[in-house]
*Asks:* 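Structure provided below as structure tokens; questions to follow.
This is a predicted model, so every value here is computed, not measured. Numbers for residues simply follow the sequence, beginning at 1.
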Amino acid sequence: MVVYNAAVFVPNRILATPLSEQAAAYNVDVLGSIAAAQVLTPAMREAGRGTFFITGGGFGHHPSAEYATLSIGKAGVLATSSILHDELAPAGVQATSVTVHGAIAPGTAFDPDTIAETYWQLHTQPAKEWTAETLFSGE
């Protein structure tokens, strides 16, 4: 099981942020997840099993003008996980995005331990239940 959970989390606006900063954030969010998949999923394919998770965020569905590069990155990882899902599922490898719709903090509905349990449940579920995305809304 692999969990890719990287992002550049800084407030910025799309027209005021230099393209070099936007590209750097995209490299972390999207291209980093693709690089991790290229390196780590071949062994899973060969074994005919495994799970590749990408942690998404609510900004992928509801972009924020105040967090422009993060919003673009989370939309990109959603697309990436969907493509990986379609490509890897026939080989027996689960690929999915866990889209967390809230701020992760201990003792809240978005407690990291609760989110970790969701990852484990998804990892151990039958292949017929696999989806390209799972929404975690804190419920």
*Asks:* Looking at every heavy atom in both Trp130 and Gly92, which two are closest together, and how far apart are they?
*Replies:* CH2-O, 3.4 Å
*Asks:* Any donor-acceptor pair under 3.5 Å linking the side chain of Gln94 with the backbone of Met1?
*Replies:* no
*Asks:* To the closest 0.5 Å, what do you measure between CD (Glu117) and CZ (Phe136)?
*Replies:* 9.0 Å
*Asks:* Are Leu40 and Val30 connected into the same hydrophobic cluster when the rule is that any two of I, L, V, M, F, W, Y join if their side-chain heavy atoms are below 4.5 Å apart?
*Replies:* yes
*Asks:* Considering non-hydrogen atoms only, spot the tightest contact between Ser33 and Thr80 and give its length.
*Replies:* OG-CG2, 3.8 Å
*Asks:* Does any part of the side chain of Thr99, heavy atoms only, come nearer than 4.5 Å to the side chain of Thr134, both counted from C-beta?
*Replies:* no
*Asks:* Are Val39 and Leu31 connected in the hydrophobic side-chain network, where two residues link if heavy atoms are under 4.5 Å apart?
*Replies:* yes
*Asks:* Could you tell me if Ser137 and His101 have a donor-acceptor pair between their side chains, going purely by distance under 3.5 Å?
*Replies:* no
*Asks:* Show your working on side-chain contact (heavy atoms from CB on, under 4.5 Å) between Glu133 and Leu78 and close with a plain yes or no.
*Replies:* CA-CA 8 Å; Glu133 179 186 26; Leu78 184 57; 3.4 Å; yes
*Asks:* If only atom types and distance count, is the side chain of Thr41 paired as donor or acceptor with the main-chain N or O of Met44 below 3.5 Å?
*Replies:* no
*Asks:* Which heavy atom in Ala37 sits nearest to a heavy atom in Pro42, and how many Å separate them?
*Replies:* O-CD, 3.7 Å
*Asks:* Specify the closest pair of heavy atoms between Ser97 and Gly56, including all atoms of both residues, with the distance to one decimal.
*Replies:* OG-N, 3.7 Å
*Asks:* Could you tell me whether the side chain of Thr114 and the main chain of Phe110 form a donor-acceptor pair under 3.5 Å?
*Replies:* no
*Asks:* Closer than 3.5 angstrom, by distance alone: can the side chain of Lys74 be matched with the main-chain N or O of His62 as a donor-acceptor pair?
*Replies:* no
*Asks:* With clusters defined by side-chain heavy atoms of hydrophobic residues (ILVMFWY) lying less than 4.5 Å apart, directly or transitively, does Trp120 cluster with Leu122?
*Replies:* yes
*Asks:* Provide the closest heavy-atom pair for Ala132 versus Ser81 in the form atom of the first, atom of the second, distance.
*Replies:* O-OG, 3.4 Å
*Asks:* As a quick check of understanding, evaluate side-chain contact (heavy atoms from CB on, under 4.5 Å) for Glu129 and Thr131, giving each step before the final call.
*Replies:* CA-CA 7 Å; Glu129 296 178 19; Thr131 61; over 6 Å; no
*Asks:* Is Leu70 reachable from Tyr26 through a run of hydrophobic residues whose side-chain heavy atoms are each under 4.5 Å from the next?
*Replies:* no
*Asks:* To check you understand the geometry: which heavy-atom pair defines the closest contact between Asp29 and Tyr4, and what is its length?
*Replies:* O-CE2, 3.7 Å
*Asks:* Taking everything shown except Gln125 itself, do over 12 heavy atoms lie less than 6.0 Å from its CD?
*Replies:* yes
*Asks:* Go through it in stages, so that I can follow the logic: the residues are Ile54 and Leu84, the test is side-chain contact (heavy atoms from CB on, under 4.5 Å), and I'd like the CA-CA distance, side-chain angles, deciding distance and then a yes or no.
*Replies:* CA-CA 10 Å; Ile54 302 174; Leu84 289 172; 4.1 Å; yes
*Asks:* Determine, stepwise, if the pair Val2 / Thr51 fulfils side-chain contact (heavy atoms from CB on, under 4.5 Å).
*Replies:* CA-CA 6 Å; Val2 173; Thr51 305; over 6 Å; no
*Asks:* If hydrophobic clusters are built by linking Ile, Leu, Val, Met, Phe, Trp and Tyr wherever their side-chain heavy atoms come under 4.5 Å apart, do Val28 and Leu19 end up in the same one?
*Replies:* no
*Asks:* Centre-to-centre under 6.0 Å for Phe53 and Tyr119, is that the case here?
*Replies:* yes
*Asks:* For residues 5-15, run the donor-acceptor check on the side chains, cut-off 3.5 Å, and write out each pair with its distance to 0.1 Å, sequence neighbours left out.
*Replies:*
from	atom 1	to	atom 2	distance (Å)
Asn12	OD1	Ala68	N	3.3
Asn12	OD1	Thr69	N	3.2
Asn12	OD1	Thr69	OG1	3.4
Asn12	ND2	Thr69	OG1	2.9
Arg13	NH1	Glu66	OE2	3.2

